[in-house]
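To start, the structure itself, in structure tokens.
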Number of protein chains: 2
Amino acid sequence: MTDIAVTLADKRGTLPTDDKLGFGKIFTDHMFVMDYASDKGWHDARIIPYGDFNISPAAMVLHYGQAIFEGMKAFRTEDNRVVMYRPVDHLNRFNNSADILSIPQMDVDVVHTALKKLIELDKHWVPKALGTSLYIRPFVISVDPYVGVKVASQYTLFIILSPVGAYYASGFKPVKIKVEDHYVRAVKGGLGEAKTAANYAASLKAGEVAKKDGYTQVLWLDALEQKYIEEVGTMNIFFKIDDEIITPELNGSILNGMTRRSVLAVAKDWGMKATERRISIEEVYEAHANGHLQEVFGSGTAAVISPVGELCWKGKKISINNGAIGETSHKLFDYITSLQQGRVADKFGWVEEVTKL
Amino acid sequence: MTDIAVTLADKRGTLPTDDKLGFGKIFTDHMFVMDYASDKGWHDARIIPYGDFNISPAAMVLHYGQAIFEGMKAFRTEDNRVVMYRPVDHLNRFNNSADILSIPQMDVDVVHTALKKLIELDKHWVPKALGTSLYIRPFVISVDPYVGVKVASQYTLFIILSPVGAYYASGFKPVKIKVEDHYVRAVKGGLGEAKTAANYAASLKAGEVAKKDGYTQVLWLDALEQKYIEEVGTMNIFFKIDDEIITPELNGSILNGMTRRSVLAVAKDWGMKATERRISIEEVYEAHANGHLQEVFGSGTAAVISPVGELCWKGKKISINNGAIGETSHKLFDYITSLQQGRVADKFGWVEEVTKL
């Protein structure tokens with residue numbers, strides 16, 4: 001077991017009130033850092049005060065984007081335990097992203113242990129109100145000071161923590177999504193399955209255009225034919241048609257979402273038909289025209305479940321479930337958030353206790 | 001005109017001997033830095049000593065890759081002038097990349113002036129030997145300390161300078177290139193035309209596999225059919241077939257290379273037929289089989305012209321011009337490098353004098 005050196009912050013911060021939290025703007029007192037060098041492997045695991053760090057202007061990540069991240073959450077339960085949701089699954093996916101980006105594999109046990117130690121230290125930063133959580137952002141960047149294109153030989157891994165407010169601060173509400181028919185996010189043979197900077201960079205322009213038109217995010221179609229549905233900017237997507245829930249199959253160009261996996265498992269456990277398969281945007285529009293499209297919802301760590309009330313494809317708008325939240329969307333949201341916050345029994349083994357307050 | 005504040009380095013470094021230069025590892029005494037904030041625009045243009053800088057671990061570029069760069073060169077002529085090659089064309093392309101990545105436009109005049117001032121200050125770092133140069137790396141990164149996906153509101157622009165050795169230190173030699181039939185770099189509707197981190201991140205895995213097999217780089221095919229030729233990892237590509245030089249047309253997924261533009265203009269000036277059009281890998285292999293493929297070469301700022309001696313596509317190897325450098329490749333290399341270093345008259349207006357030594 002790697003030793004983790006701890007340097008405590010001189011003074012501890014205070015968790016803001018729930019209404020001041022927002023998303024991803026406030027960080028806790030400490031962060032975990034670990035370095036990699038090709039001759040040493042991963043080394044110098046340490047917890048240090050959260051803050052700016054020094055980087056070379058030639059650091060490879062700034063030029064060539066060799067970087068990966070994860071997004072996961074810890075919660076404070078009603079009985080004041082701090083729990084994490086599927087941490088080892090997230091860290092295994094982190095290693096999968098590393099593989100796609102030619103970044104050296106990490107020891108999941110070491111990072112898992114470090115994460116628990118970090119959260120223990122900063123546990124007073126985990127907010128309590130319903131819907132709030134501690135967002136956990138592990139990431140790895142390439143830091144060789146070298147402006148040539150190659151796989152780096154030096155990396156730094158960070159874990160930073162951010163208390164976040166309820167995603168639906170003004171109530172659980174459906175969003176409007178634009179089906180993107182011009183820009184492309186990822187393609188088979190590319191980086192689409194990795195949680196890596198490149199995929200998000202590729203989404204900015206389309207997202208901006210969609211926002212100007214009043215849409216929250218875009219729904220990406222496949223790069224080859226712009227016909228088959230892939231995913232939403234920061235979520236996977238589900239359709240409920242004739243009481244079956246359908247989500248695009250993993251094809252190498254979409255993210256293997258953790259909430260996606262949870263939704264599939266929970267729906268099956270409930271006895272619903274839950275299918276991963278190729279689905280075209282035409283099929284969705286036809287199902288709507290024929291009265292078979294019951295619900296559309298996104299799944300992701302930030303929102304958990306995000307009901308979609310309107311789709312717009314090539315200017316043609318359809319209203320889903322008359323713009324109201326569907327029954328399954330609501331049930332999944334309630335169940336998964338209850339599971340995550342310890343309000344229902346964890347029959348799946350997804351919730352891990354870290355500490356008590 | 002924006003004022004540029006100058007803070008001089010306490011002590012000046014020494015240009016290493018030519019054999020110690022390599023590529024992108026050594027940097028000069030100073031760098032140019034300028035900040036952007038959505039309420040202030042680009043501001044605080046300054047030249048400061050080259051060195052590490054502080055960044056937040058939450059800085060958006062580390063997570064979402066909103067970043068662009070340029071690569072250009074300055075040279076020392078035989079009569080001890082320092083000249084830049086097509087600086088304004090490079091800075092206009094920089095702004096085009098900015099547009100694709102939703103990064104605010106820069107004032108080309110300001111950046112151009114800053115670049116000249118920076119080179120003037122560090123002019124003793126421009127190496128003199130044939131083939132050496134001062135590599136210029138302007139880049140912009142998004143720096144908002146915010147871990148949510150959005151277009152950033154704060155950016156930093158840097159220009160760093162690196163004296164580089166002759167690309168062909170051991171002689172001008174053909175390279176072996178693998179035609180990539182599995183991985184994909186970029187797709188229409190994506191970021192392929194931008195000089196942005198994402199495109200290089202997408203190239204790492206394929207490049208690594210190719211290197212293990214003894215190839216220098218990969219030649220990318222189109223993402224849709226893996227049929228039409230796009231570009232090489234860090235170069236555009238040209239084929240000489242029946243005395244005509246052919247390069248893939250700009251289609252949104254390949255880089256609008258500066259050396260590519262120079263090659264097209266020079267070849268036309270020489271009375272050669274120089275064509276930009278869609279060209280498939282089958283066509284290249286057929287031309288080879290029929291004895292019509294005379295030369296293959298890459299074009300890019302680092303190598304200028306890189307003759308290709310072997311292609312390998314799906315395990316099928318072809319030797320180009322019997323692995324020897326072709327006549328046109330050689331002539332283009334000699335002419336463009338002579339132009340860049342002031343040894344032939346600049347009839348195109350591409351060379352700009354910065355200062356004298």
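Computed over heavy atoms, backbone and side chain alike; hydrogens, waters and symmetry mates excluded. Naming: A, B, ... by sequence-line order, numbering from 1 per chain.
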If you count heavy-atom pairs within less than 4.5 Å of chain B, which of [options] leads?
| options | answer |
| --- | --- |
| A:A198, A:P145, A:G189 | A:G189 |
| A:E208, A:K150, A:M60 | A:E208 |
| A:Y200, A:Y183, A:F53, A:Y135 | A:F53 |
| A:Q226, A:K25, A:H63 | A:H63 |

Does any backbone or side-chain atom of [X] lie under 4.5 Å from a heavy atom of chain A? Answer side chain, backbone, both or neither.
| X | result |
| --- | --- |
| B:I100 | backbone |
| B:L101 | both |
| B:A223 | both |
| B:S203 | side chain |
| B:T234 | side chain |
| B:P57 | both |
| B:L204 | both |
| B:V151 | both |
| B:K188 | backbone |
| B:I55 | both |
| B:D144 | neither |
| B:H182 | backbone |

Does any N or O in the side chain of [X] come within less than 3.5 Å of the main-chain N or O of [Y], such that one atom is a donor and the other an acceptor?
| X | Y | value |
| --- | --- | --- |
| B:R137 | B:E70 | yes |
| B:S162 | B:F27 | no |
| B:H30 | B:A9 | yes |

Kindly assign one of parallel, tilted or perpendicular to the pair A:Y64 and B:F69, based on the angle between their ring planes and the thresholds 30° and 60°.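 Perpendicular, since the angle between the ring planes exceeds 60°.
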
Which heavy-atom pair separates [X] from [Y] by the least distance, and what is that distance?
| X | Y | result |
| --- | --- | --- |
| A:G71 | A:T301 | O-OG1, 3.6 Å |
| A:S306 | A:V175 | OG-CG2, 3.7 Å |
| B:L221 | B:E230 | C-CG, 3.5 Å |

For chain A, find which of [options] contributes the most heavy-atom pairs closer than 4.5 angstrom.
| options | answer |
| --- | --- |
| B:V33, B:V61, B:D99, B:N199 | B:D99 |
| B:K195, B:K205, B:Q66 | B:K205 |
| B:A302, B:A202, B:S142 | B:A202 |

Are the side chains of [Y] and [X] in contact, using a 4.5 Å heavy-atom criterion?
| X | Y | answer |
| --- | --- | --- |
| A:L21 | A:V164 | no |
| A:T259 | A:N236 | no |
| A:W125 | A:P16 | yes |
| B:S253 | B:V187 | no |

Is chain B contacted by the side chain of [X], its backbone, both, or neither, given a heavy-atom distance below 4.5 Å?
| X | result |
| --- | --- |
| A:L62 | both |
| A:M31 | side chain |
| A:A58 | both |

Would you call B:E180 and B:R185 a salt bridge, taking side-chain N to carboxylate O under 4.0 Å as the test?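 Between B:R185 and B:E180 there is no salt bridge, as every charged N stays at least 4.0 Å from the carboxylate O atoms.
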
Applying the ring pair (Phe, Tyr, Trp, His ring centres under 6.0 Å) test to A:F139, which of A:Y155, A:F94, A:F32, A:F158 qualifies?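 Only match with A:F139 under ring pair (Phe, Tyr, Trp, His ring centres under 6.0 Å): A:F158.
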
